[in-house]
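Here is the structure we will look at.
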Amino acid sequence: MERHSGWKRKSQEEIKRLNAFSEQYKQFLDVAKTEREAAAQIEMTLRAHGFTSEMNGPRIYAVNRGKEVIAFRKGSRDLAQGLKIIIAHIDAPRLDLKQNPLYEDVDLALLRTHYYGGIKKYQWVAMPLAIHGVVVKADGTLVNLVIGENDSDPVFSIDDLLPHLSHKHQDDKKLSEAIEGEKLTLLFGSMPLRGEEREPVKKAVLGLLREQYGLEEEDFISAEIEVVPAFKARDVGIDRSMVGAYGQDDRASAYPLLAAMVDLDEEPAWPVLAVFIDKEEIGSEGNTSAQSHFIQMFLQDLIEGLGLGNADALMRRLLFRSKAISADVNGAVNPTWQEVHEKQNACYLGGGICVTKFTGHGGKVGANDAHAEYVGEIRNILSKSDVIWQVGELGKIDEGGGGTVAKYLAEYGMDIIDMGAPILTMHSPFEISSKLDIFEAYRAFKAFFVS
Ligand code: MN
Ligand code: MN
């Protein structure tokens, strides 16, 4: 059970390959910051590799409301014997604009937000932010917005209190209360409309929105606008061994999964299914989440498309017989916060993909706990394929914890286990991964699909 850095096992040739892979990974991170953008990129890649929405071909995909994608590849085995499934999520913690967000105060135009998922609120102030999203106008037309990603774009920001004045109202508070949710308001403009007495700055920014995007203030009601960091993915470290970027939970799984799915040889033995899911970060609620019935509906359509008879019964049977990976990141041992980890059962940056038998919190509550037999199978697959991997759970028993979508797929009766890259500073605007671990995730997913 000795631990070794994965880098020691990599030849110069393999390091070249994993560096090339991480260049593509970084590009994906830059163009897929929201679940909608990730779904669009995934669809584009699938189509470029011959996937179609025709329910009778060898490569099929379907999109649910622009936020969830399922891709299927026919295998040589009988579908009724089950599928190999890997599921990863494409939503990430962020700030969403409220439905009536705009106001003017102290000669500034501001936008109110409501954060999405588990963020540390103090991490989102005093940095450049971009807005991404869609607005459905009164006439039903949809406007796509991305502002803050081009170098020539303006960015947005949330102000913080200067240290000179923060003593009473901030410094002595608990960290979790130092920035309240309602203080996460976005600076949106400061130039008043000439000749206007009431709310001249608000009127000026509304004028710009009308002019540039054809939007009215009421259109925010039917909008989904997400506030995300405005910076791009970057190499981290003098040796460029790490990637720093927003949204790596869970693009660190979603991108390797997409790459594995399109790179498989012509006909895998098992039929395989890749699921890119939404709403994991808020507990898998809603009709684009792992608790929705889209997977079932997709499989029923598939079975009917292939002319295989009673879709409902067959779908239940094949899901029960399927084998799955819940691909999600884990928390790597923090160099300066080692006390939150039980280091004998924690994962380490650069140690390869992390296999997690169970999730949940104290007492395995809310966990999916993979059976020993299934862990044995997985262990065998990874070792045979020479994948660099490690085992790890999330933090000390009573320190906290976290869940994934695994338990929602386990309900169908399939075997499922958690697996993913270790991440530092998870859920922050700038999460850190090891290029080696991302590449090993790709190799592990591919090995699982073809085994
Ligand atoms: Mn995750
Ligand atoms: Mn997460």
Side-chain angles (χ1 to χ4, degrees), residues 25 28-29 32-35 37-39 42 67-69 85-96 115-121 123-124 226 228-229 243-258 274-286 288-291 324-332 334 340-341 346-347 349 353-361 366-368 370 392-395 399-410 416-434 437-438 441-442 444-445:
Y25 173 54
F28 182 80
L29 289 167
K33 288 188 177 178
T34 67
E35 68 283 17
E37 289 166 355
I42 290 164
K67 297 178 175 181
E68 174 187 5
V69 185
I85 303 173
I86 304 181
I87 183 165
H89 67 92
I90 51 175
D91 62 320
R94 60 179 190 251
L95 311 178
D96 287 340
Y115 62 93
Y116 170 97
I119 65 162
K120 293 169 96 171
K121 296 186 270 288
Q123 291 177 338
W124 288 76
E226 305 180 10
V228 297
V243 172
Y246 166 73
Q248 295 200 71
D249 173 6
D250 189 27
R251 283 150 185 73
S253 307
Y255 183 75
L257 171 56
L258 177 63
V275 183
F276 304 90
I277 203 85
D278 181 31
K279 296 288 187 286
E280 191 276 342
E281 294 293 358
I282 57 166
S284 296
E285 306 291 349
T288 49
S289 79
Q291 290 198 79
I325 290 174
S326 161
D328 209 343
V329 297
N330 203 321
N334 298 76
V340 306
H341 306 280
C347 59
L349 207 69
I353 187 167
C354 175
V355 175
T356 302
K357 183 176 181 294
F358 57 86
T359 53
H361 55 93
N368 172 67
E393 54 182 69
L394 185 66
E399 207 67 53
T404 66
V405 301
K407 62 178 179 181
Y408 302 114
L409 266 76
I416 186 162
I417 189 165
D418 278 287
M419 207 186 284
I423 300 281
L424 282 175
T425 333
M426 196 200 286
H427 279 207
S428 79
F430 196 65
E431 301 176 306
I432 310 285
S433 66
S434 161
D437 300 334
I438 305 295
Y442 161 72
F445 298 161

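As the structure lists them, so they are numbered: ligands from 1, and atoms in each ligand from 1. These numbers were taken from a predicted model, which means no experiment stands behind them.
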- Query: Is Lys121 atom NZ crowded by more than 12 heavy atoms from other residues, nucleotides or ligands, each under 6.0 Å away?
  - Reply: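 Yes.
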- Message: Distance check, rounded to the nearest 0.5 Å: Ile423 atom CD1 versus Ile438 atom CD1?
- Response: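 Going from CD1 on Ile423 over to CD1 on Ile438, the span is 5.5 Å.
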- Quick one: do the Glu281 and His427 side chains pair a donor with an acceptor below 3.5 Å?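 Yes, side-chain donor-acceptor contact under 3.5 Å.
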- Query: Do Asp328 and Thr404 have a side chain donor and acceptor closer than 3.5 Å?
  - Reply: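 Result is no, nothing qualifies.
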- Query: Are the side chains of Tyr25 and Gln248 in touch, meaning some heavy atoms are under 4.5 Å apart?
  - Reply: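 Yes; the side chains approach each other to less than 4.5 Å.
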- Which residues share a side chain to side chain contact (heavy atoms under 4.5 Å, CB included) with Ala441, sequence neighbours left out: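 Ala441 satisfies side chain to side chain contact (heavy atoms under 4.5 Å, CB included) with Pro256, Ile353, Phe445 once adjacent residues are dropped.
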- Item | Sphere of radius 2.8 Å around the Mn ion (ligand 1) - protein N, O or S atoms inside |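 Protein N/O/S atoms under 2.8 Å of the Mn ion (ligand 1): His89 NE2, Asp249 OD1, Asp328 OD1, Asp328 OD2.
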